[in-house]
Amino acid sequence: MIDTLRLTAEEALGMLERREATARELWDAYRAAIAERDEELHCFLTLVDEPEGVSVPIALKDVIGTKGIETTAGSKILKGYVPVYDSTVASRCKQAGLPTLGKTNTDEFAMGSSTENSAFGPSRNPWDPARVPGGSGGGSAAAVAGGLAPWALGSDTGGSIKQPAALCGIVGLRPTYGTVSRYGIVAFASSLDQVGPTTKTVRDCALLYRVIAGRDPCDSTTADVPEVELPEREDLTGVRVGVPREMMNAEGIEPGVREAVERTIELCRELGAEVGECELPLSVDYGLACYYLIAPAEASSNLSRYDGVRYGLRESNGGYHEMVKRTRDAGFGDEPKRRIMLGTYALSAGYYEAYYGQAQKVRTVILREHIAAFEQFDVLVSATSPTVAFELGAKTQDPLAMYASDLLTIPSCMAGLPGLNIPCGLSDGLPVGLQLIGPQFAENTLFRVGHALEKAIGFDYVPERLRG
Amino acid sequence: MAISREQVLHVASLAHLDLTDAEVEKFAEQLSAILAAVSKVSELELADVPPTSHPLELVNVSRRDEARPSLPLEAVFANAPEREDDHFRVPPAEEVRET
């Protein structure tokens with residue numbers, strides 16, 4: 001009897017190796033779990049019929065291009081679109097023998113913090129189905145937390161891997177920009193997008209990162225990656241942990257979240273780390289504004305390809321220009337429209353310097369502040385999300401309130417830095433996530449620190465209401 | 001930082017979005033609020049700061065100029081809304097009026 005709620009990918013690999021289970025039995029166990037719980041949780045947009053591969057199954061966020069499997073990016077404009085080639089990450093998963101279980105739900109074009117912007121309905125948090133799983137990668141996070149997939153891939157532009165992981169009580173890594181190929185990923189903001197693992201444990205995260213990371217000739221923004229070390233140490237001796245004051249004091253952090261994070265910082269000391277306060281004077285204060293200028297600007301360019309000509313939705317009506325406009329109006333939801341218009345405005349003649357140009361300079365400031373902090377510290381810690389999972393509908397009427405969910409994840413994204421979320425406690429029965437930020441290419445440090453804390457905290461990642 | 005109806009229509013036109021009247025009004029309000037929030041970046045004095053367009057400073061990443069197999073035509077047209085021989089068929093372009 002395979003307990004998909006509890007089983008880690010590493011344990012599953014061990015079972016296969018020791019022939020305690022066959023690949024088919026493993027696949028069937030997850031499919032049974034999906035049949036039982038996905039109607040409620042709505043993690044999956046597409047399920048694959050027959051497994052292709054004899055290793056541990058995996059779920060892929062629906063912005064990841066998969067040859068022969070529908071890829072919608074959570075949008076009506078791509079409903080029915082079936083890629084004719086594999087993204088590099090899908091291809092690497094295939095080479096590792098990981099069969100794709102299916103494609104998971106996402107906010108449309110990865111724009112959102114709750115999956116409520118998905119054109120196909122929201123996903124629900126396995127800890128409390130009246131609440132959101134976070135976004136944009138809520139489908140992947142809920143699938144892993146809900147025992148519907150042993151591990152998954154998501155994508156992160158402003159926090160779309162880390163924040164859902166925090167809200168669902170699991171591990172999520174946003175890797176250093178350039179370590180994982182974006183070839184075949186539905187593009188949102190090209191200088192920010194990164195694909196990364198969503199898993200139950202830090203070791204699983206490192207294992208999956210090792211499968212997907214590395215330079216790709218098809219993506220000229222990728223670089224060589226240091227060899228991945230699977231974490232084993234359970235102490236933090238010699239690690240310098242920095243606590244950015246502006247992150248701890250940021251607006252909107254719930255008291256329960258703050259408490260859980262502070263307890264974990266104390267735990268770092270107990271494990272032998274040198275803990276100290278540091279400053280990111282402008283990064284937190286101006287990070288959201290910077291992101292919500294740069295990301296929409298890049299999105300306005302990336303989403304211009306959806307015009308009804310070569311693939312996707314086409315609303316045939318009138319002449320060519322009419323067709324393009326009608327297609328885009330019918331195919332895009334409100335959030336992509338808002339961001340396309342915001343981005344277009346920020347880039348338009350007369351406004352470029354004041355908005356986009358200025359935001360690029362703010363980005364330099366954010367980068368420099370983080371580099372300065374890393375001269376003193378090996379890793380920075382903060383809450384990942386200011387709040388625990390909120391109720392469906394709570395923030396959908398106010399775009400700015402929704403954007404504020406990313407307040408703490410955004411600054412390090414702007415700087416291209418890796419960030420790991422690990423669950424660090426509960427507040428009102430809901431998971432609280434701790435964010436660990438490292439310098440570029442410091443994934444091994446994040447794995448080490450995350451693993452040691454994970455062991456010491458002993459968080460039970462099986463949602464309480466689903467425990468036997 | 002209010003965005004006028006005209007500005008929304010102008011931006012929508014640049015972005016090839018065909019908005020309904022109700023949408024124009026809704027977005028004018030929401031975009032005004034968002035712009036007010038993001039305009040914050042102009043508070044900072046950054047004349048001497050260079051812009052960052054990419055967090056990783058890679059320069060001149062290139063490959064050898066050698067032809068490699070690309071997508072076969074069947075694949076190229078696999079998702080085509082309308083195909084005619086080896087072309088994507090689209091309605092003829094009408095005269096575009098400036099909005």
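All values below come from the heavy atoms of this structure, side chains included, with hydrogens, waters and symmetry mates left out. All chains are named by letter (A, B, ...) in the order of the sequence lines, taking the proteins before the strands, and each is independently numbered beginning at 1.
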Report yes if the side chains of [X] and [Y] come closer than 4.5 Å at any heavy-atom pair, otherwise no.
X         : Y         : answer
Leu56(B)  : Thr221(A) : no
Pro50(B)  : Gln360(A) : no
Arg63(B)  : Pro217(A) : no
Tyr355(A) : Ser39(B)  : yes
Val41(B)  : Lys361(A) : no
Tyr286(A) : Glu43(B)  : yes

* Asked: Is a side-chain N or O of Glu94(B) found less than 3.5 angstrom from the main chain of Tyr320(A), in a donor-acceptor match?
  ->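 Checked: pair present.
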* **Donor-acceptor pair, side chain of Asn79(B) and main chain of Arg310(A), under 3.5 angstrom** =>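 The answer is no, because no donor-acceptor pair under 3.5 Å joins these two groups.
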At a heavy-atom separation under 4.5 Å, does [X] approach chain B through its side chain, its backbone, both, or neither?
X         : result
Phe332(A) : side chain
Phe441(A) : side chain
Arg326(A) : both
Ser301(A) : neither
Leu282(A) : side chain
Asp307(A) : neither
Thr364(A) : both

Between [options], which shows the greatest number of heavy-atom pairs under 4.5 Å with chain B?
options                         : value
Leu303(A), Asp285(A), Val365(A) : Asp285(A)
Val362(A), Val324(A), Val309(A) : Val309(A)
Glu298(A), Arg338(A), Met323(A) : Arg338(A)
Gly357(A), Ser220(A), Cys290(A) : Ser220(A)

Contact class of [X] relative to chain A, heavy atoms under 4.5 angstrom:
X        : result
Pro92(B) : backbone
Arg89(B) : backbone
Glu23(B) : side chain

Gap separating the [atom1] atom of [X] from the [atom2] atom of [Y], nearest 0.5 angstrom:
X         : Y         : atom1 : atom2 : result
Phe77(B)  : Tyr311(A) : CZ    : OH    : 14.0 Å
Gln358(A) : Lys40(B)  : CD    : NZ    : 13.5 Å
Leu31(B)  : Arg339(A) : CG    : CZ    : 12.0 Å
Met341(A) : Leu9(B)   : CE    : CG    : 9.5 Å
Leu367(A) : His54(B)  : CG    : NE2   : 12.5 Å
Ile340(A) : Phe27(B)  : CD1   : CZ    : 10.0 Å

Of all the heavy-atom pairs spanning [X] and [Y], show the shortest one and how long it is.
X         : Y         : result
Thr52(B)  : Arg363(A) : O-CD, 3.7 Å
Gly318(A) : Pro91(B)  : O-CB, 3.4 Å
Ser348(A) : Leu14(B)  : CB-CD1, 4.4 Å
Val84(A)  : Ala78(B)  : CG1-CB, 3.7 Å

* To do: Could you have a look at Ile34(B), Leu19(B), Val8(B), Leu71(B) and say which one has the most heavy-atom pairs with chain A under 4.5 angstrom?
  =>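 Ranked by contacts with chain A, first place is Ile34(B).
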* Structure fact -> Checked Ser53(B), Ala75(B), Pro81(B) vs chain A; the most non-hydrogen pairs under 4.5 Å come from Pro81(B)
* To do: Walk me through it: do Ser304(A) and His16(B) pass the test side-chain contact (heavy atoms from CB on, under 4.5 Å)?
  => CA-CA 8 Å; Ser304(A) 65; His16(B) 296 145; over 6 Å; no
* **Non-neighbouring partners of Tyr306(A) that pass side-chain hydrogen bond (donor to acceptor under 3.5 Å, both in side chains), sequence neighbours left out** => none
Could you go through residues 396-403 of chain A and list every donor-acceptor pair under 3.5 Å that involves a side-chain atom there, pairing it with any protein atom two or more places apart or in another chain?
residue: Thr396(A); atom: OG1; partner: Gly393(A); partner atom: O; Å: 3.3
residue: Asp398(A); atom: OD1; partner: Leu400(A); partner atom: N; Å: 3.2
residue: Tyr403(A); atom: OH; partner: Glu335(A); partner atom: OE2; Å: 2.6

* Lys67(A), NZ atom: more than 12 neighbouring heavy atoms under 6.0 Å ->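 No, because the 6.0 Å sphere around NZ of Lys67(A) holds 12 heavy atoms or fewer from other groups.
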* To do: Apply side-chain contact (heavy atoms from CB on, under 4.5 Å) to the pair His10(B) and Tyr345(A), showing each step before the final yes or no.
  => CA-CA 9 Å; His10(B) 174 63; Tyr345(A) 186 89; over 6 Å; no
* Asked: Knowing that exactly one of Glu322(A), Glu315(A), Arg328(A) qualifies, which makes a side-chain contact (heavy atoms from CB on, under 4.5 Å) with Asp18(B)?
  ->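 Answer to the side-chain contact (heavy atoms from CB on, under 4.5 Å) test with Asp18(B) among Glu322(A), Glu315(A), Arg328(A): Glu322(A).
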